[in-house]
Asker: 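The structure follows.
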Amino acid sequence: MFFGFQLTCGLMMVFYGYSVMKNPRVWGDQGRRAVKPENFAEYCRQNGLFFLKAGCIMALIGALDALITLDSLLYLLLYVFGFAFAFYPLSRWCKQNEGFAWPWKHVESEKKRIRSLRREQEAQEQQEKDTK
């Protein structure tokens with residue numbers, strides 16, 4: 001029965017990806033701060049293409065599962081190589097236009113941020129003591 005859910009999710013991803021490719025405003029503000037404003041429309045197109053391809057692969061797996069029983073190795077191969085094939089153009093485009101391969105910024109944890117601020121403050125206090 002899992003194939004019905006997988007097929008539905010895949011078809012929804014295909015529709016969403018196609019919509020984003022045609023109208024970047026569908027994507028909303030996701031990633032807008034991480035990408036240069038002049039590249040945002042192309043970024044949305046690349047993400048839409050990713051969702052389109054990933055949805056096609058997911059729907060194909062769901063349809064095949066409905067027709068025949070697949071071995072777990074076939075699932076693994078289709079998912080790994082299918083998603084890698086779908087995601088590669090986005091990461092390549094981000095590397096060329098944005099300078100990094102991952103389109104979302106790395107968020108530092110609150111604990112690490114506070115520790116680094118304390119170290120900076122201690123270093124500034126040490127410099128002040130040394131200059132006196």
Side-chain angles (χ1 to χ4, degrees):
M1 192 59 187
F2 177 69
F3 68 87
F5 175 73
Q6 193 172 14
L7 184 63
T8 304
C9 287
L11 292 176
M12 287 172 58
M13 286 174 69
V14 168
F15 174 73
Y16 181 70
Y18 181 77
S19 300
V20 169
M21 285 176 60
K22 294 299 177 190
N23 182 7
R25 288 181 296 170
V26 171
W27 189 255
D29 287 335
Q30 297 171 352
R32 189 175 291 274
R33 285 179 284 173
V35 177
K36 297 173 190 166
E38 63 270 14
N39 292 332
F40 188 70
E42 181 64 19
Y43 167 76
C44 288
R45 195 185 75 72
Q46 291 288 336
N47 270 304
L49 192 60
F50 164 72
F51 271 94
L52 185 72
K53 289 179 180 180
C56 284
I57 291 166
M58 197 169 178
L60 177 70
I61 291 171
L64 287 174
D65 192 25
L67 295 174
I68 56 174
T69 304
L70 296 176
D71 190 41
S72 61
L73 178 62
L74 182 59
Y75 272 113
L76 181 67
L77 290 174
L78 286 172
Y79 273 123
V80 170
F81 291 113
F83 282 123
F85 169 73
F87 193 67
Y88 177 71
L90 174 63
S91 63
R92 189 183 69 216
W93 178 87
C94 284
K95 184 75 171 167
Q96 289 171 351
N97 293 304
E98 298 294 326
F100 49 87
W102 188 249
W104 299 278
K105 290 185 178 179
H106 174 71
V107 178
E108 190 177 33
S109 72
E110 189 68 18
K111 227 181 218 185
K112 288 181 182 179
R113 189 182 66 79
I114 291 171
R115 284 183 190 158
S116 64
L117 285 173
R118 282 186 186 151
R119 275 190 234 119
E120 288 175 14
Q121 287 175 348
E122 289 171 0
Q124 286 176 354
E125 290 172 1
Q126 188 66 31
Q127 282 180 344
E128 290 173 4
K129 286 180 183 178
D130 292 341
T131 56
K132 289 181 181 178

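Just so it is clear, the structure is predicted and the values come from calculations on it, not from any experiment.
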Asker: Hey, what do you get for CD (Gln126) to CG (Asp130), rounding to the nearest 0.5 Å?
Answerer: 5.0 Å
Asker: Any chance you could measure Met58, atom CE, to Ile61, atom CD1, to the nearest 0.5 Å?
Answerer: 8.0 Å
Asker: Can you tell me how far the CG atom of Leu11 sits from the CD atom of Gln6, to the nearest 0.5 Å?
Answerer: 11.0 Å
Asker: List the steps and the verdict of side chain to side chain donor-acceptor pair (under 3.5 Å) for Glu125 and Gln121.
Answerer: CA-CA 6 Å; Glu125 290 172 1; Gln121 287 175 348; over 6 Å; no
Asker: Taking 4.0 angstrom as the limit, do Arg119 and Glu122 come out as a salt bridge?
Answerer: no
Asker: Considering all heavy atoms of both residues, which atom of Gly55 and which atom of Met13 are nearest to each other, and what is their separation?
Answerer: CA-CB, 3.6 Å
Asker: Name the residue from Ile57, Val14, Val20 that meets the side-chain contact (heavy atoms from CB on, under 4.5 Å) definition with Leu52.
Answerer: Val14
Asker: Hydrogens and angles aside, do Gln124 and Glu120 bring a side-chain donor and acceptor to less than 3.5 Å of each other?
Answerer: no
